[in-house]
Student: 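I'd like to ask some things about the structure below.
A quick note: this is a predicted structure, and the numbers were derived from the prediction, not measured. First listed ligand is number 1; within each ligand, the first listed atom is number 1.
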Amino acid sequence: MKVTRRDLLVWSAGAAAGLLVTPVPWKLLDDTSIWSQNWPWIPQPSRTPVEVKQSACTLCPNGCGMKVKVAAGWPVGVSGVSSHPISRGALCPLGFGAHQLNWHPQRLRTVRHGAHPSTWTEARTAFAKACSAGPVVVIDGYPGRAASSLLETFAQKRGGNYRVALGAETRALVPYESWSGVSVAALGYDLENAQTIVSFGATLLDGWGTPGRFTRLWAERAAGNANPELRLIQVESSLSRTAARSWQWVPAHAGTESALAGALARVLLEEHLVSARGPMPPITLAEAANQTGLSANAIRELARTIVAQPPAVAIAIGNNPAIAALNVVLGAVGTRGGIARRSKHTEREKKEKYVAADVAVPAARAVLLDASVPWDFAPQTDAEVFRFAAWDGGSSKADWLLPAPGFLEDLTDVPTAPTSAVETYAVAPSLVKAPPEVQSAAQFLASIDRTLTTPEKIIHARCADFFRGRSGTLRSQEVTPVAQLASVQKLEEELWKGAVWVGEAPPPASLRCELKEWPPVVTAHPETWSRTWSSTWPAPVLPPLATKLYKESTLREAPEKRLA
Ligand code: SF4
């Protein structure tokens, strides 16, 4: 059975929500020590002092705050960091068992060319030869890091292309980028200030965004309350975990989200329930009723309910321009509780306008995939594919498999999580010595082009920028304004110890979207959505703890309910 990231996040959503009301997570914590001994080859240091270091999980772009117990140089356990501004103490099961991953039997330790073992020298020669024969495409799954900057610079210097494998949550923000010119890298959802959230199939309590963020909000402001401060309206054809816990479930037919969004906007405009004026969606209420299976009256009532408790914001599960247009009509773009612009650094944004990785790559001679690109992602190309990975997820079509550093074996920075409304920055230092046979994509490219600035230097330069800017705060157990720090060294020292820099949001007016015409209707079956949703990509391998948690807990949702 393949376990996808969404499955893991579903579990973590259940766990985080259940944290307040059931003893199950505490029981699971008790069992940790038993389960973590599943692999007899994992060293069990005895009579060694255990150090607790605060860091961040780097296994996916959510960058959850993590405490790592280290004994004799090895991580022996992890837990969440309750003071982390976004993840607020939660981890998904993959993160919860991350300390076991470096011992996984499918850990890649040798260079492979097709089915045969090879060497770094041969891989470097083959890559350099392919690069000299034509353009190179470098694909990143975790943009915004210092290493990403190096990957991008290498591709540009070679006349090639830097592309990003965007997650579904980021794809949902693409229409606002097209209409406002502000990069998706600078956009997020101000859920903390929303009073009504209309989710069009986005499984907010089943694995959406950073674990812990929405589940904590929901637990604090909605759970168990008939008239909650935060109303969650779930538009979904089946009774998913999120739908079952929502304030109102709207069982519209699958694939009719655009039609419903258009009809809701029509009611809002016709009845002057919002201050926006046109463009009027072409769909009539009767047509929308016919498509969605809801009555025209139900759609009308739903529109009135959405605006009854403002601010309201709609969330899509992918790139759906009609749902984004509904947000424009609601006045939820660039306003409190809506779509937020989290960065005002226009130069950086300009650089960070991403080209999606799944567009065909026709002319390239080499495609390099960073280890952060989900294992199942296959570029559409005839070029020679060089794939970095720490773990072998099986059935790779890459020509070259290149062993990358594993969990916390490599210094990396942790940029803002997708969907966050505020800019954050953290550093995950290398806590574990990497085996000599592994290299990151950034190290590999830096060994080919020695003029490239290393990620370490880029991280230092970014810290210097934060210090010079004197804005934002450092969050750990305490909150310290950057302006009060005596030196950049002090700032770096705090980041290296696990503090998180949190930026100041620019004024809402800095994000504006204007609609000239209503966008075309997107009709998609949910299976299509789920295939394009990054969290359905299977995790290449699972640590035994996550396997236990996933397979033996009853918190996960039945598969037939998961696919709406
Ligand atoms: S969601 Fe991502 S960053 Fe957070 S614990 Fe899981 S794998 Fe790590």
Side-chain angles (χ1 to χ4, degrees), residues 3-17 19 25 28-29 32 54-69 75 77-102 104 141-145 165-170 203-216 371-375 389-391 393 405-410 412-420 424-428 431 498 500 533-543 545-547 549-550 553 555-556:
V3 178
T4 68
R5 274 200 58 238
R6 187 182 174 196
D7 292 325
L8 294 170
L9 292 167
V10 165
W11 187 91
S12 70
L19 196 65
L28 294 177
L29 283 172
T32 301
Q54 196 161 312
S55 185
C57 178
T58 56
L59 295 173
C60 89
N62 284 318
C64 302
M66 184 179 261
K67 277 187 205 154
V68 187
K69 281 187 189 167
V78 297
S79 57
V81 177
S82 55
S83 62
H84 191 278
I86 311 295
S87 60
R88 300 179 63 194
L91 295 175
C92 78
L94 187 62
F96 204 48
H99 59 291
Q100 300 174 325
L101 278 173
N102 291 348
H104 199 284
Y142 192 167
R145 298 164 300 154
L166 293 176
E169 292 92 343
T170 309
T203 47
L204 297 181
L205 292 166
D206 291 73
W208 179 93
T210 308
R213 182 184 175 207
F214 185 74
T215 45
R216 300 267 185 212
S372 57
V373 175
W375 178 262
W391 300 277
F407 175 65
L408 297 182
E409 286 180 348
D410 196 22
T412 182
D413 51 351
V414 181
T416 315
T419 80
S420 170
T424 60
Y425 188 77
V427 172
L431 296 182
V500 180
W533 193 14
S534 66
S535 36
T536 60
W537 278 320
V541 296
L542 286 178
L545 180 54
T547 313
L549 290 175
Y550 179 74
S553 81
L555 291 170
R556 67 189 158 127

Student: Does Tyr142 reach the side chain of Val414, with side-chain heavy atoms less than 4.5 Å apart?
Tutor: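 They are in side-chain contact.
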
Student: Is the distance between atom 6 (Fe) of ligand 1 and the nearest N/O/S atom of Cys57 smaller than 2.8 Å?
Tutor: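 Within the cut-off used here (under 2.8 Å), Cys57 places no N, O or S atom near atom 6 (Fe) of ligand 1.
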
Student: List the atom of Thr419, the atom of Glu169, and the distance in Å for their closest heavy-atom pair.
Tutor: CG2-CB, 3.3 Å

Student: Could you list which atoms of ligand 1 come closer than 4.0 Å to a heavy atom of Pro211?
Tutor: 1 (S)

Student: Applying a heavy-atom cut-off of 4.0 Å, say which part of Ala56 lies close to ligand 1: side chain, backbone, both or neither.
Tutor: neither

Student: For the atom pair CZ (Arg213) and CG (Leu204), what is the distance rounded to the nearest 0.5 Å?
Tutor: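 It comes to 10.0 Å.
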
Student: Quick one: does Pro75's side chain get under 4.5 Å of Leu431's, heavy atoms only?
Tutor: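 Contact flag for Pro75/Leu431 side chains = no.
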
Student: Using every non-hydrogen atom in the two residues, find where Thr210 and Ala417 come nearest and quote the distance to one decimal.
Tutor: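 Looking at all heavy atoms of both residues, the shortest contact is OG1-CB, 3.6 Å.
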
Student: Which atoms of ligand 1 sit under 4.0 Å from any heavy atom of Cys92?
Tutor: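 Once the distances to Cys92 are compared, the set is 1 (S), 5 (S), 6 (Fe), 7 (S).
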
Student: If the cut-off is 4.0 Å to any non-hydrogen atom of Leu59, which atoms of ligand 1 fall inside it?
Tutor: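 Listed by number with element, the hits are 7 (S).
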
Student: For ligand 1, which atoms, with element, lie under 4.0 Å from some heavy atom of Gly95?
Tutor: 5 (S)

Student: Considering all heavy atoms of both residues, which atom of Gln54 and which atom of Ser83 are nearest to each other, and what is their separation?
Tutor: NE2-OG, 4.3 Å

Student: When you measure from atom 4 (Fe) of ligand 1 to the N, O or S atoms of Cys64, does any of those distances fall below 2.8 Å?
Tutor: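 Yes, Cys64 qualifies, because one of its backbone or side-chain N, O or S atoms lies under 2.8 Å.
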
